[in-house]
Protein chains: 2
Amino acid sequence: MLLRQLEYLVALAREGHFARAAAACFVSQPSLSAGIRKLESDLDVPLVQHGARFEGLTPEGERVLHRARRILHERDALQQELAEMRGQLTGTLRLGAIPTAMTVTSLLTTQFCEHHQQVTIELESLSSRDIMRRLAEFEIDAALTYLDDGALQGVRKFPLYEEQYLLLTPGDGPCAGQSDVSWAQAAEVPLVLLSRRMRNRRILDEFFAAESATASPAVETDTVDGLYAHLASGRWSSVISHAWLHMFGIPAGMRVVRLKEPDASRRPSVGLVVAAHARESAMVRALLAVAGGAGVRDALDALLKAHLDS
Amino acid sequence: MLLRQLEYLVALAREGHFARAAAACFVSQPSLSAGIRKLESDLDVPLVQHGARFEGLTPEGERVLHRARRILHERDALQQELAEMRGQLTGTLRLGAIPTAMTVTSLLTTQFCEHHQQVTIELESLSSRDIMRRLAEFEIDAALTYLDDGALQGVRKFPLYEEQYLLLTPGDGPCAGQSDVSWAQAAEVPLVLLSRRMRNRRILDEFFAAESATASPAVETDTVDGLYAHLASGRWSSVISHAWLHMFGIPAGMRVVRLKEPDASRRPSVGLVVAAHARESAMVRALLAVAGGAGVRDALDALLKAHLDS
DNA sequence: ATGAGCCGATAGACGGCGCCTATCGGAGCC
DNA sequence: GGCTCCGATAGGCGCCGTCTATCGGCTCAT
């Protein structure tokens, strides 16, 4: 049994396609095919359902796949550990983030890159469900997401900040002059919001519902930049997270107004999650060290204060 | 990096000797040497301190060694898992036991062998410290030892029985007719006991001390069979665990007398320990399944009752 | 129905490297 | 100084992982 063959299996399961998996492994398609068959003969068990096309793994194949991921992860951790002993981390830090947390990743990555200049970072926008899957399959090292998600199991959580909400509204709009607005008020203005499929939106809807209001956005989109793109027209308002300020600031001609919180202690917590089994990865340890000292919460709070004062 | 090379490294660390490690891997000495050097060049780090003789691993080597053991263990677990899916476990169950628990292992192994006829069992007598080391280094799957040992860390415990103590004494001796004896009384008769280095003996000494008595054995030995060998002469008595009855029974011309317990709730607990990381090993799971249903405690209790009644 | 296109398996050749046996160089020891 | 033990080196063999080229079969559209 060769580690290479395990890589083939993992790639095949990921790509669901022999030729693409081979390309991902930088080998020819026959090589990958042969590797899989060799693995099958070594383990004396069929791993893939052989047919005209790729039709998934056998039950045994799934089990082997799981083990293979663990073995390969151990190997990667070994190499990272050695790199760490040499004084510098190398390789790739693979980060995921839900779209609404994407904006703050730079607060982490810039500091991380300063400390570990040999590391390249892969940052991917993912749904919270995908984050869990990718963590479990060793395909990302860590992710930024809401921490109060019931589906977060088998992970370790590291809070970074608590989300606060602002109404971003045209300077000449009805709410622009107020020091704060209620959620019910906000529901009355023309809105652009994220899609209902997204966790951020569902949180907002809960706040609206708490004041017996319902938001009826004119536009729904599934990315934060898509949302801002619409705001630029000056026709709409939106409810934004204070964490987004640091990325886009406040578009020209607009104002932010704080949304009255029914209960400040229930601000949704956003933070890093890492697989419970990744505790011993040098890369993850380095990330957590940076995250611990990054002062994300304070930086965002200061930014919020500055924007509200202006 | 090849799995084989990791095996070489583990073997080398274990044997402390290139030629012996090679023999353990069933390869020639140059092959093992080459494998180690290849591993060093692949990882680009020296792993062994190269000198005229083997002088230990480098710090990096120790780290790699640790990872190597984990990787190889994952591989073994994979193969066991497949064997389990085929309906029968194969391979080797590697068990350790402290000498005083050695006698009861057969209660587990016989049942285990019945359920899993393809599995061979390696049973080794080990000190409790060695048990911890071997578990950590993936060299044994599980072990029988005292569970109230402070050094038991990073393991999962599964109690099997609580040790009760008996005075095994010549039929014509002073205590033979009594229904029970105190520890102070027992300290007065000529004794054969286990060595002070052994945990069982230290437990006995605590019981003696609780009655302000001190045992002064005429003979100390470090194996249970060595102890029984002396008892055969009919000159000595000994304090035995009730678990030993099932192995040696009661030698001809001798009697067992129960030792009065100051506090029955403080009987030392004996059980299985497995490495915390071994939870997902098919072999370990099978062992625990057998151990759970073996009724070791009841079997030993019944045996004790039978011998005391006779 | 038939041909185009995609997918995975097969054939055959090349080359790396893991393994062997045989031997060497060096350290420690009577 | 010779003996012994240990690990490194030399050189050859053979397996197998890799490649390119091609085949067989399925799906789908014309």
Side-chain angles (χ1 to χ4, degrees), chain A residues 1-62 64-65 68 71-72 75 78-79, chain B residues 1-62 64-65 68 71-72 75 78-79:
Chain A
M1 188 176 78
L2 261 48
L3 291 172
R4 203 74 218 282
Q5 294 162 353
L6 298 182
E7 286 178 357
Y8 291 169
L9 183 66
V10 171
L12 179 58
R14 172 164 34 86
E15 305 288 342
H17 188 284
F18 277 76
R20 278 200 299 275
C25 295
F26 303 102
V27 295
S28 68
Q29 171 263 316
S31 294
L32 188 129
S33 287
I36 296 288
R37 300 188 86 91
K38 181 67 168 49
L39 191 58
E40 287 181 322
S41 80
D42 282 355
L43 297 176
D44 192 28
V45 74
L47 298 175
V48 309
Q49 292 174 5
H50 288 278
R53 306 179 156 259
F54 178 78
E55 292 160 359
L57 301 183
T58 62
E60 292 87 352
E62 293 289 346
V64 174
L65 173 63
I71 292 174
L72 295 175
R75 182 201 55 179
L78 189 161
Q79 286 169 340
Chain B
M1 187 177 80
L2 261 49
L3 291 173
R4 203 74 219 281
Q5 294 161 354
L6 298 182
E7 287 177 357
Y8 290 169
L9 182 67
V10 171
L12 179 58
R14 173 163 34 86
E15 305 287 341
H17 188 285
F18 277 76
R20 278 200 299 274
C25 296
F26 302 101
V27 296
S28 68
Q29 171 263 316
S31 294
L32 186 130
S33 287
I36 296 289
R37 301 189 84 92
K38 181 67 165 51
L39 191 57
E40 287 182 323
S41 81
D42 283 354
L43 298 175
D44 193 27
V45 75
L47 299 175
V48 308
Q49 292 174 5
H50 288 280
R53 306 178 157 260
F54 178 77
E55 293 159 358
L57 301 182
T58 63
E60 292 86 352
E62 293 289 346
V64 175
L65 173 63
I71 292 174
L72 295 176
R75 182 201 54 179
L78 189 161
Q79 287 169 338

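Here is how names work: the chains are called A, B, and so on, in the same order as the sequence lines, proteins then strands, and each is numbered from 1. Owing to the predicted nature of the structure, the values given are computational and were not obtained by experimental measurement.
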Q.
Between C1' on D:dG17 and CG on A:Leu3, what's the gap in Å once rounded to a whole number?
A. 14 Å

(Q) Closest-nucleotide mapping onto DNA chain D: is A:Arg53 or B:Val48 further toward the 5' terminus? I mean the 5' end. (A) B:Val48

(Q) Among C:dG8, D:dA8, D:dG17, which nucleotide has an atom closest to any side-chain atom of A:Leu2? (A) D:dG17

Q: List the steps, then state whether side-chain hydrogen bond (donor to acceptor under 3.5 Å, both in side chains) holds for B:Glu62 with B:Thr58.
A: CA-CA 6 Å; B:Glu62 293 289 346; B:Thr58 63; over 6 Å; no

Q) Looking only at heavy atoms, what is the nearest atom pair of B:Gly61 and B:Leu9, with distance? A) O-CD2, 4.3 Å

Q) Whole-Å distance between C:dC6 C1' and A:Phe54 CZ? A) 16 Å

(Q) Is there a side-chain hydrogen bond (donor to acceptor under 3.5 Å, both in side chains) between B:Glu40 and B:His50? Walk through the geometry before answering. (A) CA-CA 12 Å; B:Glu40 287 182 323; B:His50 288 280; 3.2 Å; yes

**Q.** Residue B:Arg37, side-chain atoms from C-beta onward, closest of D:dT9, D:dG17, D:dC19
**A.** D:dT9

Q.
Of the options C:dC7, D:dT18, D:dC6, whose atoms approach the side-chain atoms of A:His17 most closely?
A. C:dC7

Q) Between C:dC19 and B:Ser28, is there an OP1 or OP2 to side-chain N/O distance shorter than 4.0 Å? A) no

Q.
Under a 4.0 Å threshold between the charged nitrogen and the carboxylate oxygen, would A:Arg75 count as salt-bridged to A:Glu7?
A. yes

Q: Could you pick out which residue, B:Ser31 or A:Pro30, lies toward the 5' side of DNA chain C when each is mapped onto its nearest nucleotide?
A: A:Pro30

Q: Would you mind reading off the distance between B:Glu15 atom CD and D:dC5 atom C1', rounded to a whole angstrom?
A: 17 Å

Q. Whole-Å distance between C:dG18 P and B:Leu6 CG?
A. 12 Å

Q) Given C:dC20, D:dA8, D:dC19, which nucleotide is nearest the side-chain atoms of B:Val27? A) C:dC20

Q: Could you tell me the separation between the NZ atom of A:Lys38 and the P atom of D:dG17, rounded to a whole number of Å?
A: 5 Å

**Q.** Length of the line joining A:Tyr8:OH and D:dC16:C1', which is rounded to integer Å
**A.** 12 Å

Q. What integer distance in Å separates A:Glu55:CD from D:dG25:C1'?
A. 12 Å

Q: With heavy atoms under 4.0 Å as the rule, sort A:Ser33 into base, sugar-phosphate or nothing.
A: sugar-phosphate

Q.
Please report the interatomic distance CG(B:Leu3) to CD1(A:Ile71), rounded to the nearest 0.5 Å.
A. 7.0 Å

Q. What integer distance in Å separates A:Gln5:CD from D:dC15:C1'?
A. 13 Å

Q: Output the single nucleotide from C:dC20, D:dA8, D:dC19 whose closest atom is nearest the side chain of B:Gln29.
A: D:dA8

